[in-house]
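All figures in this text were calculated on a predicted structure; none of them were measured in a lab.
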Amino acid sequence: MSIMYKTVIFKLEFNKPVTFSSFPSFPFHSILGKSLKRFVCLFEGRECSLCSLRFTCAYSWLFETPIEKENEIIPGRNRAAHPYILYFTPEGSPPHSGGLLSLTLLGKGVEYLPYLYFALRKG
């Protein structure tokens, strides 16, 4: 069995130095998710689990990861693990002027790379 994946690394430079109060990858996860949802959501305010596009929408697939409740792999569950790994490595000592954001997309998540790139640029 093989798993399709793609890793991209973005070099980020901040407008002003930043310190992180939590693990640095967490804020990037939130920023990326919020930016992506704002960019792709056609039904603002609708809960993803009720949306007819939940299985094809870039935001829903990456950040909600819906699956059919009746499935063979994890029966009774309607969400799967997110199809990406996000990791930020700050440069230098705090406060940081930038760093490297590593994004590994797994399986179908690879198809959504252009959406994530745009969301990251706009976030």
Side-chain angles (χ1 to χ4, degrees):
M1 175 166 140
S2 64
I3 297 175
M4 180 174 59
Y5 73 95
K6 181 164 190 82
T7 300
V8 290
I9 299 174
F10 301 95
K11 180 166 178 44
L12 305 180
E13 295 178 7
F14 306 139
N15 291 333
K16 54 185 175 181
V18 175
T19 56
F20 298 98
S21 60
S22 63
F23 187 65
S25 298
F26 294 149
F28 289 101
H29 170 83
S30 297
I31 291 167
L32 190 56
K34 185 174 182 176
S35 179
L36 182 64
K37 187 165 189 173
R38 192 173 46 243
F39 168 54
V40 302
C41 184
L42 298 177
F43 303 107
E44 187 177 331
R46 185 181 293 177
E47 191 176 318
C48 290
S49 63
L50 303 174
C51 184
S52 59
L53 301 175
R54 69 185 172 274
F55 293 107
T56 57
C57 168
Y59 172 81
S60 178
W61 186 257
L62 293 166
F63 287 86
E64 301 290 331
T65 320
I67 56 174
E68 295 293 344
K69 195 164 190 158
E70 301 306 319
N71 66 78
E72 295 179 11
I73 300 189
I74 45 177
R77 301 266 328 250
N78 63 351
R79 289 189 182 168
H82 300 314
Y84 65 89
I85 300 165
L86 184 72
Y87 189 79
F88 180 73
T89 307
E91 290 181 337
S93 58
H96 306 287
S97 59
L100 299 176
L101 182 67
S102 172
L103 174 64
T104 301
L105 296 163
L106 307 165
K108 182 179 172 181
V110 172
E111 298 172 23
Y112 295 113
L113 176 59
Y115 294 90
L116 287 167
Y117 175 77
F118 185 81
L120 183 62
R121 297 228 9 144
K122 295 296 180 182

Whether over 12 other heavy atoms sit under 6.0 Å from [X] [atom1]:
X   : atom1 : value
F63 : CZ    : yes
R77 : CZ    : no
F55 : CZ    : yes
F14 : CZ    : yes
K34 : NZ    : no

- Given side chains that start at C-beta, do those of Y59 and C48 come closer than 4.5 Å, heavy atoms only?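 Answer yes - side chains close enough.
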
- Message: Could you tell me if the side chain of L32 sits less than 4.5 Å from the side chain of L101, heavy atoms only?
- Response: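 The answer is no, as the side chains (C-beta and beyond) never meet within the 4.5 Å cut-off.
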
Least distance between heavy atoms, [X] atom then [Y] atom:
X    : Y    : answer
P114 : E111 : CD-O, 3.6 Å
Y115 : A58  : CG-CB, 3.9 Å
T104 : T7   : OG1-OG1, 2.9 Å
G107 : I3   : N-CG2, 4.4 Å
T65  : P83  : OG1-CD, 3.6 Å
V110 : L105 : CG2-O, 3.5 Å

- Verify side chain to side chain contact (heavy atoms under 4.5 Å, CB included) between V40 and C57, making sure each step is shown before the conclusion. CA-CA 7 Å; V40 302; C57 168; 4.0 Å; yes

- Do L116 and I9 belong together in a cluster built from hydrophobic side chains that touch within less than 4.5 Å?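 As far as the 4.5 Å side-chain criterion goes, I9 and L116 are not connected within one cluster.
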
- State plainly whether one hydrophobic cluster holds both Y117 and W61, where clusters connect Ile, Leu, Val, Met, Phe, Trp and Tyr through side-chain heavy atoms under 4.5 angstrom apart. yes

Measuring from [X]:[atom1] to [Y]:[atom2], what's the distance to the nearest 0.5 Å?
X   : Y   : atom1 : atom2 : result
F23 : Y87 : CZ    : OH    : 4.5 Å
R46 : L53 : CZ    : CG    : 8.0 Å
E68 : N71 : CD    : CG    : 8.5 Å
I85 : S25 : CD1   : OG    : 11.0 Å
R54 : E47 : CZ    : CD    : 10.5 Å
L62 : H29 : CG    : NE2   : 10.5 Å

- Partners meeting side-chain contact (heavy atoms from CB on, under 4.5 Å) with I31 (sequence neighbours left out):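 Checked I31 against side-chain contact (heavy atoms from CB on, under 4.5 Å); zero matches.
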
- Message: Restricting to side-chain contact (heavy atoms from CB on, under 4.5 Å), what partner residues turn up for P17, sequence neighbours left out?
- Response: P95

- Task: Start with the C-alpha gap between F28 and L12, add the side-chain angles, then the distance that decides, and say whether side chain to side chain contact (heavy atoms under 4.5 Å, CB included) holds.
- Result: CA-CA 11 Å; F28 289 101; L12 305 180; 3.5 Å; yes

- Query: Could you walk me through whether F39 and K122 pass the side chain to side chain contact (heavy atoms under 4.5 Å, CB included) check?
  - Reply: CA-CA 9 Å; F39 168 54; K122 295 296 180 182; over 6 Å; no

- Item | By salt bridge (charged side-chain N to carboxylate O under 4.0 Å, His left out) - contacts of R79 (at least two apart) | E64

- Would you check if the distance from the ring center of F10 to the ring center of F88 is below 6.0 Å?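 For F10 and F88, the ring centres are not under 6.0 Å apart.
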
